[in-house]
Amino acid sequence: MADTSLSEKKAGLLVWQVSNLWQNKLRHILKLNKLTLNEYLVLESINELKKFIILLNQNSIATFSGIDVSVVSVVLKLLERKKFIKRTIDKDNRKKTIEMLSNGKKTFNEIYPLIIQEEERIFEKLQSEKKNFTNSLKLILGKKLRISANKN
């Protein structure tokens, strides 16, 4: 069947529509917990990075999440006001270390499974092509691909 609309012909438009779908589905879950998508992504980044980094800072969160450092700065202030995180001045007065507080951990742990479940619902249509799809998006963004051997 021939492509019948602009949105079926333009790869960029399709990526945009998928991004909007993903954001809308996640925002619906987050709204119930009074969190924005950026706040959630920063919390998820903190949760992941704490497994590898002891003194976590704004730059490491920005690099890991792919969110601009100035946006991360604003989001950290909001999360601090909500008592989800605590920022303390490190040895270098220009840097603050970030720690997730119990309220942040509790909220994150409640939301995380719902987000994972929703993402699985969105992308389950890709079936075995999900890894190829993800790698294709990484290629477009100029990111390195990590190829792992099949484990049979």
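Sequence positions, counted from 1, serve as the residue numbers for this chain.
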Test: Lys51 and Glu48 ion pair at under 4.0 Å
yes
State plainly whether the residues Arg87 and Glu99 are in salt-bridge range, i.e. N to O under 4.0 Å.
no
Do the rings of Tyr40 and Phe108 sit parallel, tilted or perpendicular, given the 30° and 60° boundaries?
parallel
Assigning hydrophobic clusters by single linkage (Ile, Leu, Val, Met, Phe, Trp, Tyr; side-chain heavy-atom cutoff under 4.5 Å), is Val69 placed with Leu56?
no
Do Leu78 and Glu39 have side-chain heavy atoms sitting under 4.5 Å apart?
yes
With no hydrogens and no angle check, is any side-chain donor or acceptor of Glu129 less than 3.5 Å from a backbone partner on Leu126?
no
Give a yes or no on this: more than 12 heavy atoms of other residues, nucleotides or ligands lie within 6.0 Å of atom NZ of Lys50.
yes
Within one Ile-Leu-Val-Met-Phe-Trp-Tyr cluster: Ile116 and Leu41, side-chain cutoff 4.5 Å:
yes
Heavy-atom pair with the smallest gap, counting every atom of Leu43 and Phe84
CD1-CD2, 3.9 Å
To the nearest 0.5 Å, what is the distance between CD (Glu44) and CD1 (Ile61)?
12.5 Å
What is the distance from atom OG of Ser45 to atom CG of Asn38, rounded to the nearest 0.5 Å?
10.0 Å
Atom CG of Leu141 with >12 non-hydrogen neighbours under 6.0 angstrom
yes
So, for Leu30 and Thr36, which heavy atoms are closest and what is the spacing to 0.1 Å?
CD1-O, 3.8 Å
Under a plain distance cut-off of 3.5 Å, with no hydrogens placed, do Ser70 and Asp68 share a side-chain donor-acceptor pair?
yes
Is Ile85 reachable from Ile89 through a run of hydrophobic residues whose side-chain heavy atoms are each under 4.5 Å from the next?
no
For the pair Glu118 and Arg121, find out whether any cationic side-chain nitrogen is under 4.0 Å from an anionic carboxylate oxygen.
yes
Between Leu55 and Val72, is there shared hydrophobic-cluster membership here, with clusters defined by ILVMFWY side-chain heavy atoms closer than 4.5 Å?
no
Would you call Asn57 and Thr97 a side-chain contact if the rule is heavy atoms closer than 4.5 Å?
no
Find out if a path of hydrophobic residues (ILVMFWY) with successive side-chain heavy-atom gaps under 4.5 Å connects Val71 to Phe64.
yes
Is there side-chain contact between Trp22 and Leu37, with heavy atoms separated by less than 4.5 Å?
yes
Of all heavy-atom pairs linking Asn103 and Lys82, the shortest is ND2-O, 3.6 Å
I'd like to check Lys86 versus Met100 (side-chain heavy atoms, cut-off strictly below 4.5 Å). Are they in contact?
no
Side chain proximity check, Lys10 to Leu14, heavy atoms < 4.5 angstrom:
no
